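To start, the structure under review is shown below, and the notes come after it.
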Amino acid sequence: QVQLVESGGGLVQAGGSLRLSCAASGRTFSLNAMGWFRQTPGKEREFVACITRSGGNQYHTDSVKGRFTISRDNAKNTVYLQMNSLRTEDTAVYFCVARPDYYCRVGPAEYDYWGQGTQVTVSS
């Protein structure tokens with residue numbers, strides 16, 4: 001099995017930055033695409049970003065393009081989400097995800113592994 005543990009969430013003022021990290025353990029050789037989703041109360045989980053194993057392909061949802069950047073360090077089995085120019089609407093629980101397949105997908109059901117989530121709160 002695979003375990004994903006997020007860190008780096010917290011409270012930040014609008015315009016500020018945070019860096020989320022997700023450390024994978026267990027059968028990490030089975031992981032290919034990794035990414036991030038977010039969720040606010042009463043809403044569906046929303047795709048944020050994804051990166052392929054090689055790091056050669058990254059995808060970001062339109063609302064975060066130019067502000068968030070996903071990256072990964074395979075030697076450390078860790079994926080990151082650098083979040084700049086944060087807005088109040090970015091407030092959510094952020095989940096790290098992973099799947100055995102190469103390609104990134106935007107649907108939450110496409111991901112086999114999920115972290116427990118980390119809260120990001122952006123104040124005005």
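On a predicted model such as this, the values are computed, not experimentally measured, just so you know. All residue numbers refer to positions in the sequence shown, counting from 1. The basis for the numbers below is simple: all heavy atoms, side chains too, and nothing from hydrogens, waters or symmetry mates.
Remark: the backbone N or O of Ser25 is not paired with any side-chain donor or acceptor of Thr28 at under 3.5 angstrom. Under the 3.5 Å distance criterion, the side-chain polar atoms of Asp101 are left unmatched by any main-chain donor or acceptor of Tyr103.
Both Val106 and Val93 are assigned to one and the same hydrophobic cluster, defined by single-linkage of ILVMFWY side chains at heavy-atom distances under 4.5 Å. Using a 4.5 Å cut-off between side-chain heavy atoms of Ile, Leu, Val, Met, Phe, Trp and Tyr, with links allowed through other members, Val120 and Val97 fall into different hydrophobic clusters. Hydrophobic cluster membership is shared by Val64 and Met83, with clusters built from Ile, Leu, Val, Met, Phe, Trp and Tyr side chains linked at under 4.5 angstrom.
For the pair Arg19 and Tyr80, the distance from NZ or CZ to the six-membered ring centre is under 6.0 Å and the angle to the ring normal is within 45 degrees. A cation-pi arrangement is absent between Arg53 and Tyr102 under the rule of less than 6.0 angstrom and at most 45 degrees off the ring axis.
When all heavy atoms are compared, the tightest approach of Arg38 to Ser63 is NH2-OG, 3.4 Å. Across all non-hydrogen atoms, the minimal contact from Cys50 to Tyr111 is SG-OH, 3.5 Å. In plain terms, the two heavy atoms of Ser124 and Ala14 that are nearest each other are CA-CB, 4.5 Å. Heavy atoms only, all atoms of each residue included: Ala92 and Thr40 are closest at CB-CG2, 3.7 Å.
By the 6.0 Å contact criterion, CD on Gln1 is open, its count of non-hydrogen atoms from other residues, nucleotides or ligands being 12 or less.
Residues Arg87 and Asp90 are not paired through a salt bridge, judged by the lack of any N-O separation under 4.0 Å between the basic side chain and the carboxylate.
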Full working for side-chain contact (heavy atoms from CB on, under 4.5 Å) between Asn57 and Ile51: CA-CA 6 Å; Asn57 296 94; Ile51 186 168; over 6 Å; no
Residues Leu31, Val2; criterion side-chain contact (heavy atoms from CB on, under 4.5 Å); working and verdict: CA-CA 9 Å; Leu31 300 180; Val2 172; 3.9 Å; yes
Thr78 vs Arg72, side-chain contact (heavy atoms from CB on, under 4.5 Å): CA-CA, chis, key distance, verdict: CA-CA 6 Å; Thr78 300; Arg72 69 191 289 171; over 6 Å; no
Test side-chain contact (heavy atoms from CB on, under 4.5 Å) applied to Cys22 and Tyr94, step by step: CA-CA 10 Å; Cys22 171; Tyr94 284 71; over 6 Å; no
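Side-chain contact check for Asn32 versus Thr52: every heavy-atom pair is 4.5 Å or farther apart. Taking 4.5 Å as the limit, some side-chain heavy atom of Asp112 sits within range of a side-chain heavy atom of Pro100. Side-chain contact check for Thr121 versus Gln119: some heavy-atom pair is nearer than 4.5 Å. Considering only heavy atoms from C-beta on, Leu81 stays 4.5 Å or farther from Thr69 through its side chain. Contact check for Cys96 versus Trp114: no side-chain heavy atoms found under the 4.5 Å cut-off. A heavy-atom distance below 4.5 Å is not found between the side chains of Val122 and Glu89. Looking at heavy atoms from C-beta onward, Leu20 lies out of side-chain contact with Val79 at the 4.5 angstrom threshold. Between Arg99 and Tyr113, the closest side-chain pair of non-hydrogen atoms is not below 4.5 Å.
Applying the ring-ring contact (aromatic ring centres under 6.0 Å, His included) test to Phe68 and every residue at least two apart in sequence or in another chain returns nothing. Residues satisfying the side-chain contact (heavy atoms from CB on, under 4.5 Å) criterion with Ser17, sequence neighbours excluded, are Gln82, Asn84.
Sorted by first then second residue, the ring-ring contact (aromatic ring centres under 6.0 Å, His included) pairs that include residues 43-63, not counting sequence neighbours, are Phe37-Phe47.
Judged by distance alone, the side chains of Glu6 and Gln116 do bring a donor and an acceptor atom under 3.5 Å apart. Remark: the Ser123 side chain and the Gln13 side chain contain no N/O donor-acceptor pair separated by less than 3.5 Å.
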